[in-house]
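Report on the structure given below.
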Amino acid sequence: MPATIATGGVEVAPPLTDVTELGLFGAMALLATIQAGADPGYRHVRRLQARGIRLAPHRALRHEIVVSLIEAGVLVPAAPRRLRLDATLADPDWEDGNIDDADWVIHWNDVVRSSLPRRLKEYLDDTALTTHNREVLIDTWTALAKAECLAFAEHALTAHRMDSKIALAAEIELGPVLARYSIGQTCAFMWWAAKNVASSFLRHGGQPGLAEREMSRSITNAFSRSDATIGTVPLFRRHHTLPMSTFATAFLSASRLGDAYWSSPISDVALEARFEAG
């Protein structure tokens, strides 16, 4: 019998019965969530904090993944933190931080629950590069790239003894940079910007907003100088404190990108080349 969950006294059957109903993004999200924190029976997911196995490179993407599964009805807050789903999403006091402070029930059919990770992996491995899937993969690669770069920027700022929150000022600059440079090269921009922020702090002190402006300005300037001589920006490697996330691993299963995920600019050409290579 399908597993049911009581909501307001009413037993609710799982909304989905097959992994294909999740769609490509949902399948990547659920597989990553299971790998990041599910118990051996795939019934519950522990709190998905940044410590330990990472669901996503950065908290903003981690929250997006969890919310997408909540909205699909696949994740339900677990007792004693169970909340009505509609109230959870509509509550103006609900903050992203609450997602990291909740345990979850995986709402899925008990008949196929034990094979859920295998079914999800097989579905991702069989992904075809249709027009829709291409759009999903490019959007996901972009989201992951921004998250990887923000996480690295936070690491770089911490290494320079600066507040890691300053990294968020770089987010608005990442779109154009990632259209020309790889994640690894963009991490070089993040490191240079963090150095400039630290240098600016030593010269001018902690004036309100100055560090954020310096972070943004440094990336823009470095990008402008390097744009005319593309290929000269060094390729940074993943830092050992920022291991591969489970969502990135799930994405690699669907996209076939391999090392190109980190070393190639985001493009349809890079994606097509991997699918054509088989």
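The figures here come from the full heavy-atom set of this structure, side chains too, leaving out hydrogens, waters and symmetry mates.
- Applying the 6.0 Å contact sphere to CZ of Arg161 captures no more than 12 heavy atoms from other residues, nucleotides or ligands.
- The minimum heavy-atom distance between Ser216 and Ala169, with the atom names listed, is CB-O, 4.0 Å.
- For the atom pair CG of Leu235 and CG of Asp259, the computed distance is 10.0 Å after rounding to the nearest 0.5 Å.
- The distance from the CD1 atom of Ile166 to the CG atom of Asp163 is 5.0 Å, given to the nearest 0.5 Å.
- We find the OG-CH2 distance between Ser267 and Trp141 to be 5.5 Å, quoted to the nearest 0.5 Å.
- In this structure, His44 has no ring-ring contact (aromatic ring centres under 6.0 Å, His included) partners at least two apart in sequence or on a different chain.
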Stepwise side chain to side chain contact (heavy atoms under 4.5 Å, CB included) check, Leu61 with Glu64:
CA-CA 5 Å; Leu61 182 54; Glu64 181 181 341; 3.8 Å; yes
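- Distance check, rounded to the nearest 0.5 Å: OG1 of Thr232 to CD of Gln185 gives 8.5 Å.
- For the residue pair Ala248 and Tyr261, the shortest heavy atom distance occurs at CB-OH, 3.8 Å.
- With values rounded to the nearest 0.5 angstrom, Thr140 atom OG1 is found 11.0 Å from Glu135 atom CD.
- Relative ring orientation between Phe152 and Phe236 is described as perpendicular, the plane-to-plane angle rising above 60° on a 0-90° scale split at 30° and 60°.
- For Val197 against Ala211, the heavy-atom pair with the smallest separation is CG2-O, 3.7 Å.
- Applying the ring-ring contact (aromatic ring centres under 6.0 Å, His included) test between His155 and each of His239, His160, His58 identifies His239 as the sole match.
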